[in-house]
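Heads up, the thing below is written out as structure tokens.
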Amino acid sequence: MLAFTKNITVTEDDLDELNHVNNVRYIDWVNSVAKSHWLENAPKNITDKYFWILLSHTIDYKKPAFLNDELVLKTYVRDIKGVTCIRIVEILNAKTNTLLAKSETKWCFMASKTFRPARITEDILKLFP
């Protein structure tokens, strides 16, 4: 499936007491790029009817990022089955293309009207070629 990317620069607010990016910030970025990917691809008539909730999340931290590092958040949907999908997010150093962290999240597709899981239809599948 096609990847969606978002570029960011590490700020002081992203750092922990060791002066590298706090692990919790990586999780924020994983959620942020997933949401951006959804909103970029899904038209308003779909985003008004559906949303995603996180079921499970794993992240592997490979190397640290530091103040002013330029990063690339790269995401794509790997598997879609029934009401769930698996999304991969890779966080890379933009200058060296070094993998800093990689996450795998399982998301559930939800109907806004009922707050119940909704089957992922062909229309939704087409949003993530």
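Quick caveat, the model's predicted, so the values are computed rather than measured.
Under the 3.5 Å distance criterion, the side-chain polar atoms of T47 are matched with a main-chain donor or acceptor of K44.
Residues L100 and P64 come closest through the heavy atom pair CD2-O, 3.9 Å. Here the shortest heavy-atom pairing between T84 and I120 reads O-CD1, 3.5 Å. Scanning both residues, H57 and I27, for their nearest heavy atoms gives NE2-CG1, 3.8 Å. Here the shortest heavy-atom pairing between A118 and V83 reads O-CG1, 3.3 Å. Across every non-hydrogen atom of L2 and Y76, the tightest pair is O-CB, 3.7 Å. Between Y50 and A111, the shortest heavy-atom contact is CD2-CA, 3.9 Å.
Aromatic ring orientation, H37 versus F4: parallel (interplanar angle below 30°, classes split at 30° and 60°). Note on ring orientation: taking the six-membered ring where Trp is involved, the planes of W38 and F128 are parallel (angle under 30°, cut-offs 30° and 60°).
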Pair V77-I86, side-chain contact (heavy atoms from CB on, under 4.5 Å): steps then yes or no: CA-CA 6 Å; V77 176; I86 302 295; over 6 Å; no
side-chain contact (heavy atoms from CB on, under 4.5 Å) assessment of T105 paired with V89: CA-CA 8 Å; T105 54; V89 175; 5.7 Å; no
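The list of salt bridge (charged side-chain N to carboxylate O under 4.0 Å, His left out) pairs with a residue in residues 118-129, not counting sequence neighbours, is empty. For residues 28-40, the pairs satisfying salt bridge (charged side-chain N to carboxylate O under 4.0 Å, His left out) are R25-D28, with sequence neighbours left out.
The one candidate from D69, D14, I91, L71 that meets the side-chain contact (heavy atoms from CB on, under 4.5 Å) condition with I8 is L71. For the side-chain contact (heavy atoms from CB on, under 4.5 Å) with E104, the qualifying choice from I59, D60, I88 is I88, the only one to do so.
Contact check for L67 versus N19: no side-chain heavy atoms found under the 4.5 Å cut-off.
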